[in-house]
Structure formats: C-alpha cells, structure tokens
Asker: 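Following this message is one structure expressed as structure tokens.
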Amino acid sequence: MPRIENPPSPIPGALQGLHLFHFDGAPCAQRVRFALGEKGLARGREERFDAVTPSAVAAEDGRWVSRVVSLVKKDHMTETYAAIHPNMVVPALVHDGELYLESMDIIQYLDEAFGGSPLIPRDEGRREATMSRVEQAKVLHRSIRFVSFYWGLGRLAMLSSKERRQLATLAQQGDDGERLVEFYDGYSTRTIPESVYRDHLRKLHVAFEELDQELEDGRRYLMSDEVSIADAFWSMKVLRLLECGYPVERHHPTLYAWYQRVYERPSFQNEVMGKNRFTHRAFRAKARIETFLGRGLRRAVDKLAA
Ligand SMILES: N[C@@H](CCC(=O)N[C@@H](CS)C(=O)NCC(=O)O)C(=O)O
C-alpha cells in the first residue's frame with residue numbers, strides 16, 4: 001500500500017477515521033471525492049486543515065472530514081501543509097492515522113479498503129487497460145495546469161516574488177515532484193511562451209478526440225458499462241476545461257454525452273459539485289464573456305481545430 005511512513009507533520013497521526021485534505025475546485029481532489037462518493041462515503045464536518053483539537057480529530061462512520069486547503073489563500077504553500085504533503089498539492093488522505101498521497105494511489109487504496117462496486121477491475125486484462133488510461137490522464141495533468149491557468153485563472157493565480165521565494169524555500173524540503181517552483185516562476189513573470197500553452201491545449205484536444213472515437217461503440221463509461229477510476233480521472237479534466245470555456249460538446253460530442261452520464265451520478269453531484277457550484281458558474285460566466293469579446297479558450301480551440 002502506498003502509505004507514507006513517518007511524515008514530518010504530527011497532524012496525520014492524530015486523526016481517526018477518514019480525513020481529506022482538499023480544495024473544492026481542484027480536479028485532483030475532485031476525483032478522490034468522486035471515488036469516496038462511489039464508495040458510499042459522504043462529506044461530513046468541515047474542519048480547518050490543521051485542526052487537531054479533540055473534537056476535530058474523529059470522523060463519523062461512513063463520512064469523511066473535510067479539511068479544505070485553500071489554493072486561493074495559498075494554504076498549500078505553508079510549512080504546516082508542506083509537512084503533510086512535501087509536493088504542496090492537494091489531495092492528501094488520512095485514514096486512521098495513516099497518510100496517503102497521490103490521487104491515483106488514494107483511489108486505489110479506497111477501492112481496496114471499502115466495499116461497493118470496484119473502481120479498478122479485478123480482472124487482470126481490464127485492470128491493465130484501465131490503469132493505462134489513468135496513466136495517460138496523469139501525464140496530461142500538467143497540460144490541464146497550463147491550460148486552466150492561462151485561459152481560466154489568469155492573473156488571479158500569479159504569485160508575487162515574495163510568495164515565489166517562500167515556495168522555493170519550502171520546495172527544498174521535498175523533491176518538488178509537481179514542478180511548482182518552475183511553473184510559478186515562468187507563469188508569474190509571463191516568460192512561458194504562448195506556444196507552450198497552445199501545445200498543452202493541442203495534447204488535450206488529441207486525447208479528447210481519441211476518447212470521443214472510442215466511446216462511439218456505445219459503451220456507457222470510458223472502459224465499459226461500469227464506472228471506473230478512468231471516469232474519475234477524465235471527467236474532472238472535462239469539468240475543468242468546460243469551466244475555462246472549452247467547447248467540448250461541439251468538438252467532441254460523444255465524449256460530452258459520456259461526461260453528462262458521469263456528471264449525473266450522485267457521487268458527482270454531491271461530492272464533486274456540492275460546494276463547487278458557485279465557483280463553477282462564475283468560471284463559466286467569465287468564459288462566456290471572453291467568448292463574446294472574441295478571446296479565450298473557446299476561440300483557441302476553434303483555431304486549433306480549424
Ligand atoms: N499527482 C498529484 C497532482 C496533485 C496536484 O497537482 N494538485 C493540484 C490541484 S489539481 C494542486 O494542488 N496544485 C497546487 C497549485 O497549483 O498551486 C495527484 O494526482 O495527487
């Protein structure tokens with residue numbers, strides 16, 4: 001099991017039951033929340049991410065304690081969080097004092113530790129095919145970051161030079177496995193050429209095209225008629241890009257129909273969208289205004305596919 005041995009922070013060891021360190025709008029955390037929902041585990045109390053008072057540490061049965069690590073307030077770039085997750089990203093999961101990192105490993109853990117229908121097929125061949133789709137999604141996670149920052153978050157996500165120094169100092173304690181330092185330096189000083197963002201967008205477009213074709217055989221979900229970890233990974237990419245204005249329905253109609261099926265599931269409605277609806281609507285409204293002004297991601301995708 002991908003359990004993290006002896007994390008520097010005393011917080012994980014103090015927690016009983018399930019606790020998720022997450023952010024409502026982060027795709028990497030959304031896929032874990034989706035998986036929790038599919039396992040019949042619902043969001044419970046909200047606690048500060050670093051709360052360890054006696055009333056904060058215990059989770060109720062069948063529920064997980066929500067510990068929001070605000071990516072807007074930069075909670076993830078603090079010493080306290082870096083001692084929980086050395087890469088300073090969400091999500092992180094604690095179950096009965098044990099810490100698990102990496103959304104793929106966390107979902108794998110949940111799938112084995114909790115009942116319900118499996119998210120990872122038990123059959124060897126189907127398992128391999130499913131995990132290879134997940135690996136592809138993992139690699140493209142970097143592309144989602146580039147595209148959603150450039151066309152979605154804009155200036156809001158830029159760091160001051162003081163914040164970047166703080167990030168670089170904290171990153172020295174880990175291996176900066178997510179390459180946040182390099183990314184934020186380039187992004188905040190606007191030194192990443194536009195062609196880099198367009199390349200990432202092209203990679204996502206190609207992958208969406210491939211999935212769109214595969215889904216044409218009429219299967220309900222990405223790998224079969226059963227929902228799986230692959231749906232958890234890919235649907236959050238679609239959600240994020242829709243929020244940035246990507247015209248998914250027009251460019252990849254079969255993929256969009258699949259996304260709607262995943263979106264309708266109670267786990268998506270409750271655990272992914274639950275507290276994310278307002279931000280979701282705000283992003284979509286912003287994207288509509290940009291389209292109206294002849295700018296934004298919608299235009300970039302149309303140009304790319306022309
Ligand atoms: N490989 C990690 C990636 C985690 C990740 O990159 N999380 C993003 C949110 S989707 C994050 O926390 N980013 C912090 C930032 O962009 O500053 C996983 O799958 O858990």
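These numbers were taken from a predicted model, which means no experiment stands behind them. Whatever order the structure lists ligands and atoms in, that order sets their numbers, starting from 1.
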Asker: Of the side chain and backbone of K138, name the one, both, or neither that has a heavy atom under 4.0 Å from an atom of ligand 1.
Answerer: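 Neither; nothing of K138 gets under 4.0 Å from ligand 1.
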
Asker: Determine whether the side chain, the backbone, both or neither of R142 has a heavy atom under 4.0 Å from any heavy atom of ligand 1.
Answerer: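 Neither; no heavy atom under 4.0 Å.
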
Asker: Looking at D225, I want to see if its CG is surrounded by more than 12 non-hydrogen atoms of other residues, nucleotides or ligands under 6.0 Å.
Answerer: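 Enclosed: over 12 neighbouring heavy atoms sit under 6.0 Å from CG of D225.
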
Asker: Quick check on the hydrophobic clustering: are V72 and F49 connected, directly or via other members, by side-chain heavy-atom contacts under 4.5 Å?
Answerer: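 Same cluster.
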
Asker: Backbone, side chain, both or neither: what part of M104 comes under 4.0 angstrom of ligand 1, heavy atoms only?
Answerer: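 Near ligand 1, M104 shows nothing, with every heavy atom at 4.0 Å or more.
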
Asker: With side chains defined as the heavy atoms from C-beta onward, is the minimum distance between K162 and Q166 less than 4.5 Å?
Answerer: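 Answer no - side chains too far apart.
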
Asker: Taking only heavy atoms of P27 into account, list the atoms of ligand 1 that are under 4.0 Å away from them.
Answerer: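 It comes down to these atoms of ligand 1: 10 (S).
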
Asker: Which label fits Y246 and H251: parallel for a plane angle under 30°, tilted from 30 to 60°, or perpendicular past 60°?
Answerer: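 Aromatic pair Y246/H251 classed perpendicular.
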
Asker: Record the part of E102 in heavy-atom contact with ligand 1 below 4.0 Å; permitted values are side chain, backbone, both and neither.
Answerer: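 Both backbone and side chain.
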
Asker: Give a yes/no on ligand 1: does F149 have at least one heavy atom closer than 4.0 angstrom to it?
Answerer: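 It does, in that a heavy atom of F149 comes within the 4.0 Å cut-off of ligand 1.
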
Asker: For ligand 1, is Y184 a contact, meaning one of its heavy atoms is under 4.0 Å away?
Answerer: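 Contact present.
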
Asker: Determine whether the aromatic ring centres of residues F146 and F183 are separated by less than 6.0 angstrom.
Answerer: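 Ring centres of F146 and F183 closer than 6.0 Å.
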
Asker: Got a salt bridge between D199 and R202, using NZ or NE/NH1/NH2 to carboxylate O under 4.0 Å?
Answerer: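 Yes.
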
